[in-house]
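Step one of this worksheet: look at the structure below.
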Amino acid sequence: MNILISTCSQGLIYAILALGLYITFRILNFADMTAEGSLTLGGSVCAVLVINGVNPVLSILIAGLIGSLAGLITGFLHTKLKIQAILSGILTMIALYSINIRIMGKANLSLLGKDTIFKIFGDTHISNFAIGLIICGVLLSVLTLFFKTRLGMAIRATGDNEQMMRAQGANTNFKKILAIMISNSMCAVAGALIAQSNGYADVTMGMGTIVIALASIVIGEAIIRKNSFLLKLIAVVLGSICYRLIIFFVLNLGMNPSDLKLFTAATAVVLLALPNIKKTIKRSVQNVKN
Amino acid sequence: MLKIENLCKTFHKSEPDEKTIFKKLNLNVEKGEFVTIIGGNGAGKSTLMNVISGSMFPDSGKVFVDNKNITNLFEHKRAKFIGRVFQDPLKGTAPTLTIEENLSLAMLRKSKRNLAFGVTKQNCEFFREELSKLNLGLENRLKTKVGLLSGGQRQALTLLMATLVKPKILLLDEHTAALDPKSRDKILELTKQITDDAEIATLMITHNLEIAKNLGTRTIKLEQGEIVFDLEGKNRKNINLLNFE
Ligand SMILES: Nc1ncnc2c1ncn2[C@@H]1O[C@H](COP(=O)(O)OP(=O)(O)OP(=O)(O)O)[C@@H](O)[C@H]1O
Ligand SMILES: [Mg+2]
């Protein structure tokens, strides 16, 4: 039972990352690869701060702030220097690899014996789960409200139809940069929490996390198909928890941990392709009938 | 109101496929004027609108609005006083946003996009009124996603959005070309209603000579970036005789 709860807690932490990527991938229509770098950036910054005695909660917030700078760079490369979306993200991500090692001074830092947000609240399975739940709850409310404001609405419309937004007098470059910054700041917060939860930060901790987030998003979309914005975000969180549970079960069934990434990628592919496969089958069935 | 002075524009300058569109084009449009623009494919009609709206910058020459030089003003800054409807009905609206959200964005054209709520009750009342004038039944579907509407409905909505906050200049680039005859007549009727305003200067591109003659107050024809005729009022009746195309 306890292990199930801690699996769910982990899902909640990774949900922050998935929500961040939801903003770029789904709302902005911008495939942002920075995420893997900014997650590690958040972890590194937070680890260094905590080791130097900074309050762990404050460290998480600072990590989020620094993470938004990574987004700022990607946004700048894309909107001002006109570099392709994917490439802008990859460039920042690669650069961050070196930067993260600079920040930590080596490839990994242990937080053994240091204060973490989890220890502050007792470090029980239930309290850790509650921390994740509260953070996700706050994020969901803030995001839902934000995307209903004039600014948030303009960001959604920019992802939808950039030309129209410019014709309506909006500085779409600013909107894009802002959204990418918000997204990366969330990735960094996730990184900071993962570092505190695992007890260490590692320069490779971001590797493959985009696919995990993407898998969570599509799993969520497969569970809840509703139009309401809040429900869509809740779906992402549930997707992330489901992903963790699935991983937990396949590992228990004896899957080799090093095969996990392959499994995750395959799951994402299947779920992404599912709507199209369904359509094709429907059409061929109809063709046979006619 | 709108003044274009010595406009020059060449695409792919000093490359093998260099293409000169405008060589010192001059055009003056007054307040309340409604200019219909005709001319063959590639004559430079859309390019002219792109230069006016700021989605393209000229090589040389100036664009003035109300005697203010706006040649180097960014597109989104000009949009505060320029309304635009594109040929493609999909281009003017955000499909995953609702009708009320799209209209709210258009309402905010001149205001700050801050953290105030995007859709307000008061605005919705106003939207309902404006939408009912379109006679498309959209006034009862404020919460419908725009992506679910037909091309004609979306174009009507775009036209409304372009004029919800009254622009100084309205640019219509073949905005009825993608519509069936019924929707086309509807949109043209709306265009007439909206542009009846004595404050707006309108430019409309069309390939339909009848529409060009019967709508608006003035007709110009572009050919290879030059104005080959410029007729006002009654003189336009004889356009057919000027061996069109
Ligand atoms: N961004 C661009 N880059 C290069 N060439 C362009 C660009 N935009 C337009 N042109 C060229 O400029 C010429 C004029 O194009 P424009 O779109 O203004 O024509 P048009 O009069 O609107 O024609 P149509 O009736 O077909 O819409 C065309 O030959 C076109 O190929
Ligand atoms: Mg054209």
Side-chain angles (χ1 to χ4, degrees), chain A residues 22-30 75 79-80 82 139 141-179 181-182 217 221 224-233 235-236 275, chain B residues 49-50 53-55 73-86 88-98 100-120 123 143-148 154 157-158 161-165 167 170-171 173:
Chain A
Y22 186 82
I23 295 177
T24 43
F25 271 80
R26 283 286 191 253
I27 297 179
L28 203 59
N29 260 320
F30 181 97
T79 60
K80 303 288 178 193
K82 310 278 179 225
L139 261 180
S141 338
V142 172
L143 287 177
T144 308
L145 283 177
F146 174 70
F147 281 105
K148 279 199 173 123
T149 63
R150 295 173 171 188
L151 182 61
M153 214 165 67
I155 289 177
R156 281 191 291 141
T158 301
D160 235 17
N161 187 343
E162 195 182 341
Q163 185 177 22
M164 165 255 184
M165 268 322 274
R166 258 186 275 125
Q168 292 298 342
N171 180 348
T172 49
N173 283 347
F174 170 73
K175 306 281 177 309
K176 279 194 199 168
I177 293 178
L178 187 67
M181 285 175 74
I182 295 173
I217 292 173
E221 284 169 344
I224 301 184
R225 297 166 187 282
K226 282 278 157 45
N227 258 335
S228 130
F229 193 76
L230 177 62
L231 282 176
K232 281 184 182 170
L233 295 185
V236 176
Chain B
M49 287 206 173
N50 287 334
S53 70
S55 48
L73 203 62
F74 283 121
E75 181 180 7
H76 66 269
K77 295 247 161 86
R78 293 185 204 196
K80 302 207 181 338
F81 50 87
I82 296 179
R84 239 187 142 180
V85 183
F86 306 94
D88 182 351
L90 305 184
K91 279 193 181 163
T93 43
T96 70
L97 272 64
T98 59
E100 60 182 17
E101 285 172 332
N102 271 279
L103 287 168
S104 299
L105 285 168
M107 272 296 264
L108 294 173
R109 188 173 324 175
K110 281 186 182 164
S111 2
K112 278 243 168 334
R113 291 188 175 74
N114 52 21
L115 294 179
F117 269 109
V119 180
T120 64
N123 277 349
K143 300 223 183 293
T144 302
K145 293 233 154 87
V146 167
L148 300 174
R154 281 181 78 165
L157 193 61
T158 310
M161 284 167 65
T163 50
L164 207 53
V165 172
L170 181 60
L171 302 175
D173 189 348

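All values below come from the heavy atoms of this structure, side chains included, with hydrogens, waters and symmetry mates left out. Chain naming here is simple, since letters A, B, ... match the order of the sequence lines and numbering starts at 1 in each. Quick caveat: nothing in here was measured; it's all calculated off a predicted structure.
In this structure, the portion of B:Phe86 lying under 4.5 Å from any heavy atom of chain A is its side chain and not its backbone. Proximity to chain A is limited to the backbone of B:Thr93, based on heavy atoms less than 4.5 angstrom apart. Contact annotation for B:Leu171: neither backbone nor side-chain heavy atoms come within less than 4.5 Å of a heavy atom of chain A. Using a 4.5 Å cut-off between heavy atoms, B:Thr96 contacts chain A through both its backbone and its side chain. Both the backbone and the side chain of B:Lys91 come within less than 4.5 Å of a heavy atom in chain A.
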Checking side-chain contact (heavy atoms from CB on, under 4.5 Å) for the pair A:Phe146/A:Ile182: CA distance, chi angles, key distance, verdict?
-> CA-CA 11 Å; A:Phe146 174 70; A:Ile182 295 173; 3.9 Å; yes

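For the set B:Lys110, B:Arg113, B:Met161, the count of heavy-atom pairs under 4.5 angstrom toward chain A peaks at B:Arg113. The choice from A:Gly159, A:Ala167, A:Gly152 that makes the most heavy-atom pairs within less than 4.5 Å of chain B is A:Ala167.
Between B:Ser104 and B:Asn123, the side chains place no donor N or O within less than 3.5 Å of an acceptor N or O (distance only, hydrogens not considered). Donor-acceptor pairing under 3.5 Å is recorded for the side chains of B:Arg84 and B:Asn50.
For B:Lys80, the NZ atom sits in a packed shell: over 12 heavy atoms of surrounding residues, nucleotides or ligands are nearer than 6.0 Å.
Ring pair A:Phe147/A:Phe229 is tilted by interplanar angle, where 30° to 60° counts as tilted.
Atoms CG and CG, on B:Leu97 and B:Leu105 in that order, are 6.0 Å from each other to the nearest 0.5 Å.
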